[in-house]
Amino acid sequence: VALGLHSVLAVPGSPVATISGAGQLTPDEWRAKLETVHVVSMTHLDIGWTDLAGSVCEWYFHSWFPAALQTIEELRARGDPANQFVVQTHPWILQELLYGSAGCTLARPSQTTIARVRAEMSRGTIAWQAKPFNMLVELAPSALLDWSFGIGQKLNREFNQTWGLAATSANVCGISLGAVPVLAAHGVRAIHMGYNNGGHFPTETGIATNSHLSESRTFRWQHSAGGAEVIVMNEPAYGDRVVIPGCPDALVFDFHSDN
């Protein structure tokens, strides 16, 4: 958490920090106002972007998950309940690891890895967000989008969890308002949308010419037909920090790039 505060609030003597809608506050002023920093360890799952789909799945099964398991188990062995590691991933890759439903790679994980992952999913130390993987929702008809957000809910029922109140949409530039009713129908209450350098970050006054020079915005987004709504955290990065004026909590992403 100390490192999270350090990254959010900058270091002593640094330039004044500008946070959405809050004017300008010095790092010391932010430290005085914040009470809790929530650190979320995450990546975003791009199937077929950094490598062929099969290679991405193989890397997750034989490198990413074993490393996450090792970190979880090592911290648990220290016996400090306040110093435990919870890692977040996407429900599709978990379903694929457990059951191989899509057959994304022939290099299946070992039965030992599967058993260890299942145990941590039951404990709640391997968590999943609502979105199945990083995807452009506009390419999915409503039935497919509805099915994809059901993957995490099936895992919730199987492992007696309640994950999936929030989703991320990194790299792809935002989502359409038409997706809001589907998100809300699956219990998604918030979505974080991170923009990369290839896209233009929207602002209240128009479009920023450089996405990384704009500040984050948080707002309620409501669909006019039926009133379905989600909280949107728009951020000019894949995931960094979300702070709301007057709120004593901050959200910090411990982000690990594509895959």
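Every value quoted in this text rests on a predicted model; they were computed, and no experiment measured them. Residue indices begin at 1 and follow the sequence shown.
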Cluster link F61 to L52, ILVMFWY, side chain under 4.5 Å: no
Expected output: side-chain E138 to main-chain S176 donor-acceptor under 3.5 Å: yes
Other residues, nucleotides, ligands: >12 heavy atoms within 6.0 Å of D80 CG: yes
Nearest-0.5 Å distance, CD of residue Q88 to NE2 of residue H90: 7.0 Å
Which atom of V137 lies closest to which atom of A179, heavy atoms considered: CG2-CB, 4.2 Å
Atom pair CG (D249) and NE2 (H38), whose distance is rounded to the nearest 0.5 Å: 3.5 Å
Side chains of L155 and E158 in contact at under 4.5 Å (non-hydrogen atoms): yes
Within-4.5 Å side-chain heavy-atom neighbours: R76 and T125: yes
Validation row: I191, V230 side chains within 4.5 angstrom (heavy atoms): yes
Sub-4.5 Å side-chain heavy-atom contact between T71 and V87: no
D51 side chain to V56 backbone, donor-acceptor under 3.5 Å: no
Pairs where residues 140-150 contributes a residue and the test side-chain hydrogen bond (donor to acceptor under 3.5 Å, both in side chains) is met, not counting sequence neighbours: D146-H186
Distance in Å, L251 CG paired with T218 OG1, rounded so as to fall on 0.5 Å steps: 9.0 Å
Side-chain (E96) to main-chain (A102) donor-acceptor, under 3.5 angstrom: yes
Pairwise side-chain contact, L69 with V117, heavy-atom cut-off 4.5 Å (strictly under): yes
Under 3.5 Å, which donor-acceptor pairs do the side chains of residues 221-229 form with other protein atoms, sequence neighbours left out?
unit_1: Q222; atom_1: NE2; unit_2: E229; atom_2: OE1; d: 3.1
unit_1: H223; atom_1: ND1; unit_2: A225; atom_2: N; d: 3.1
unit_1: H223; atom_1: ND1; unit_2: A225; atom_2: O; d: 3.3
unit_1: E229; atom_1: OE1; unit_2: R220; atom_2: NH2; d: 3.0
unit_1: E229; atom_1: OE2; unit_2: R220; atom_2: NE; d: 3.1
unit_1: E229; atom_1: OE2; unit_2: R220; atom_2: NH2; d: 3.2

Salt-bridge contact R108-E58 (side-chain N to carboxylate O under 4.0 Å): no
Backbone of R157 reached by a side-chain donor or acceptor of Q161 within 3.5 Å: no
L136 side chain near L139 side chain, heavy-atom distance below 4.5 Å: yes
same_hphob_cluster(L106, L98) at 4.5 Å side-chain heavy-atom cutoff: no
Spacing of CD belonging to E73 relative to CZ belonging to R78, to within rounding of 0.5 Å: 13.5 Å
Min side-chain heavy-atom separation I231-R189 under 4.5 Å: no
Residue of the set W128, Y60, W92, F149 for which ring-ring contact (aromatic ring centres under 6.0 Å, His included) holds with F133: W92
P132 versus I151, closest heavy-atom pair with distance: CB-CD1, 4.2 Å
Distance-minimising heavy-atom pair for C247 and L34: O-CD2, 4.0 Å
Donor-acceptor under 3.5 Å (K131 side chain, M135 main chain): yes
Stepwise side chain to side chain contact (heavy atoms under 4.5 Å, CB included) test for I47 and C57: CA-CA 8 Å; I47 299 295; C57 289; 4.3 Å; yes
Selection residues 102-123 - residue pairs positive for ring pair (Phe, Tyr, Trp, His ring centres under 6.0 Å), sequence neighbours left out: none
ILVMFWY network linking F159 to L165, side-chain heavy atoms under 4.5 angstrom: no
Nearest-0.5 Å distance that lies between atom CE in M121 and atom CD1 in I114: 11.5 Å
Stepwise side chain to side chain contact (heavy atoms under 4.5 Å, CB included) test for F65 and I93: CA-CA 10 Å; F65 278 107; I93 196 69; 4.1 Å; yes
CG on L45 to OG1 on T168, rounded to 0.5 Å: 10.0 Å
Criterion side chain to side chain contact (heavy atoms under 4.5 Å, CB included) on V86 and V40, from CA distance to verdict: CA-CA 8 Å; V86 177; V40 178; over 6 Å; no
